[in-house]
2 protein chains.
Amino acid sequence: MDGRNTAGLLYLREEEIRLAMELLFYGYRDFTAGPDAILAELGMGRAHHRVLYFVGRHPGITVSELLAILRITKQSLGRVLQPLIAGGYVVQSPGRSDRRQRLLSLTPAGVALERRLFESQRALLARAFREAGGPAVEGFRKVMLGLLGPEARARLGLRASLTGARVAGKVA
Amino acid sequence: MDGRNTAGLLYLREEEIRLAMELLFYGYRDFTAGPDAILAELGMGRAHHRVLYFVGRHPGITVSELLAILRITKQSLGRVLQPLIAGGYVVQSPGRSDRRQRLLSLTPAGVALERRLFESQRALLARAFREAGGPAVEGFRKVMLGLLGPEARARLGLRASLTGARVAGKVA
DNA sequence: GTTGATATGTCAACGACACTGACGTATCCC
DNA sequence: GGGATACGTCAGTGTCGTTGACATATCAAC
């Protein structure tokens with residue numbers, strides 16, 4: 001036992017960790033509140049949002065790739081994808097090189113809805129970024145990137161470092 | 001139209017925002033993966049974890065306060081709280097000043113389980129903090145705090161600023 | 001001391017979103 | 001032709017949230 005000094009330090013560390021945990025819990029919840037409200041009016045949920053988001057980000061994405069990003073089963077995807085297609089938000093087109101694939105894209109209505117959901121979250125994030133300042137945003141990215149598993153990090157790592165380097169001075 | 005310059009800036013901003021969105025999505029998912037696995041073995045889920053966490057953080061918390069923190073209905077809480085009590089992880093005791101209240105606390109078994117779940121996430125967070133460095137952690141806190149709604153911010157704001165100020169130099 | 005508000009529990013039904021398992025179809029590739 | 005692959009779908013299940021209604025115990029006030 002090293003006595004009070006070590007215990008004090010450990011205590012502080014733990015407080016710091018628990019604060020971060022709570023920030024993630026409350027932050028994620030409050031961050032998704034805006035889209036949730038919009039989606040509820042349309043009879044949709046968070047799962048629909050995720051599909052809209054990633055199809056919008058990756059036009060022509062295959063079902064397999066989308067499943068890998070979302071890490072859900074095709075049955076779960078089907079339940080939200082079919083209504084999105086029926087509602088005219090997403091279209092499927094056969095793959096040009098491999099016609100077994102159904103490439104997914106947003107329709108103009110899908111783009112519009114995705115943008116509406118995006119703007120809701122953009123407003124919140126932009127305010128948080130502005131109030132925190134550029135260096136804080138860079139720190140935020142660094143820490144969040146460290147929370148990612150290998151897959152997600154591979155997906156975002158390059159973008160994060162590029163954005164961080166190029167934008168750091170400008171946002172400040 | 002201001003031409004390419006403005007468009008370029010807006011594009012960068014949007015890329016930045018979308019990167020943050022994806023960091024939050026993947027980060028939250030990967031951050032909860034550890035506890036999820038442990039809980040699954042015990043036949044419990046994330047909701048049980050949240051109750052264990054906040055009861056552990058606030059020993060003697062009332063049901064009402066817990067409901068306010070979690071923002072769920074008492075029916076939803078009951079469904080996870082009852083098994084936790086039956087399993088010997090949580091105990092209820094009548095309030096001393098108001099005996100209608102059932103003050104919630106963790107049993108030793110509850111403390112042990114919460115600690116096990118905590119350590120799983122602590123390892124991940126501590127590594128992310130260490131790799132990112134002290135100033136980045138401070139930035140992370142600033143940005144996350146900006147995402148919180150008024151309620152959550154009131155709950156965490158003071159702690160965040162205290163921790164930020166006191167710890168900033170040490171972690172670096 | 002009855003009476004109204006409050007704190008909590010519980011029964012019932014439902015919805016969103018995930019899962020497993022099984023099977024079907026179209027297409028690719030050898 | 002035949003096995004692997006991409007995708008879809010039917011059926012059943014589990015977690016976690018909801019609303020609505022009702023019961024009980026306790027407090028607080030008149």
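Keep in mind that the numbers below use all heavy atoms, side chains included, and drop hydrogens, waters and symmetry copies. Chain letters run A, B, ... following the sequence lines, proteins first, then strands; residues in each count from 1. Because the structure is predicted, anything quoted here is derived from the model rather than measured.
Under the 3.5 Å distance criterion, the side-chain polar atoms of Gln121(A) are matched with a main-chain donor or acceptor of Phe31(A).
Applying the ring-ring contact (aromatic ring centres under 6.0 Å, His included) test to Phe118(B) and every residue at least two apart in sequence or in another chain returns nothing.
For Arg100(B), counting side-chain heavy atoms from C-beta on, the closest listed nucleotide (dC19(C), dT6(C), dT8(C)) is dT6(C). Comparing dC17(C), dT10(C), dT20(C) against the side chain of Arg79(A) picks out dC17(C) as the nearest. Between dT8(C), dA18(C), dC11(C), one nucleotide has an atom nearer to the side chain of Ile72(A) than all others, and that is dA18(C).
In this structure, Leu104(B) and Val51(B) have side chains that are not in contact, with every pair of non-hydrogen atoms separated by 4.5 Å or more. Annotation: side chain of Leu67(B) is not in contact with side chain of Leu70(B) (no heavy-atom distance under 4.5 Å). A 4.5 Å side-chain heavy-atom check between Val55(A) and Leu84(A) finds every atom pair outside the cut-off. Residues His48(B) and Arg79(B) are not in side-chain contact: their nearest non-hydrogen atoms beyond the backbone lie 4.5 Å or more apart.
Across the protein-nucleic acid pair, Arg96(A) atom CZ and dT27(C) atom P stand 16 Å apart, rounded to whole Å. Residue Lys74(B) contributes atom NZ, which lies 8 Å from atom C1' of dA7(C) at whole-angstrom precision. Atom CG of Asp36(A) and atom P of dG15(C) are 19 Å apart (whole Å). Put simply, CG on Leu81(A) is 14 Å from P on dC17(C), counting in whole angstrom units. Arg102(B) places its CZ atom 12 Å from the C1' atom of dT10(C), with the value rounded to the nearest Å. Put simply, CG on Leu103(A) is 19 Å from P on dA26(C), counting in whole angstrom units.
Linking Ile, Leu, Val, Met, Phe, Trp and Tyr whenever their side-chain heavy atoms come within less than 4.5 Å leaves Val91(B) and Tyr89(B) in two separate clusters. Both Ile85(A) and Val111(A) are assigned to one and the same hydrophobic cluster, defined by single-linkage of ILVMFWY side chains at heavy-atom distances under 4.5 Å. Ile61(A) and Leu103(A) sit in two unconnected hydrophobic clusters of ILVMFWY residues. Membership requires side-chain heavy atoms under 4.5 Å apart, directly or through other members.
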Please report, to 0.1 Å, the donor-acceptor pairs under 3.5 Å made by any side chain of residues 142-149 of chain B, with sequence neighbours excluded.
none

Pairs under 3.5 angstrom only: tabulate donor-acceptor contacts from the side chains of residues 17-26 of chain A to other protein residues two or more places apart or in another chain.
residue	atom	partner	partner atom	Å
Arg18(A)	NE	Glu14(A)	OE2	3.1
Arg18(A)	NH1	Glu114(B)	OE2	2.9
Arg18(A)	NH2	Glu14(A)	OE2	3.2
Arg18(A)	NH2	Glu114(B)	OE1	3.0
Glu22(A)	OE1	Arg159(B)	NH1	2.9
Glu22(A)	OE2	Tyr53(B)	OH	2.6
Glu22(A)	OE2	Arg57(B)	NE	3.0
Tyr26(A)	OH	Arg155(B)	NE	3.4

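For the contact set between residues 109-120 of chain A and DNA chain C, defined by any heavy atom under 4.0 Å, there are no members. If you check residues 41-68 of chain A against DNA chain C, the residues with a heavy atom closer than 4.0 Å are Gly45(A), Arg46(A), Ala47(A), His48(A), Arg50(A), listed by number.
Comparing Gln75(A) and Ser97(A) against DNA chain C, the residue whose closest nucleotide sits nearer the 5' end is Gln75(A).
If you check distances only, the side chain of Arg99(A) never reaches the base of dA26(C) with a donor-acceptor pair under 3.5 Å.
Think of the region where chain B sits on DNA chain D: with heavy atoms and a 4.0 Å cut, that region ends 5' and 3' at dC16(D) to dC27(D).
Between dG9(C) and Gln92(B), a contact under 4.0 Å exists linking OP1 or OP2 to a side-chain N or O.
Comment: Arg122(B) engages Glu119(B) in a salt bridge, judged by a side-chain N to carboxylate O separation of less than 4.0 angstrom.
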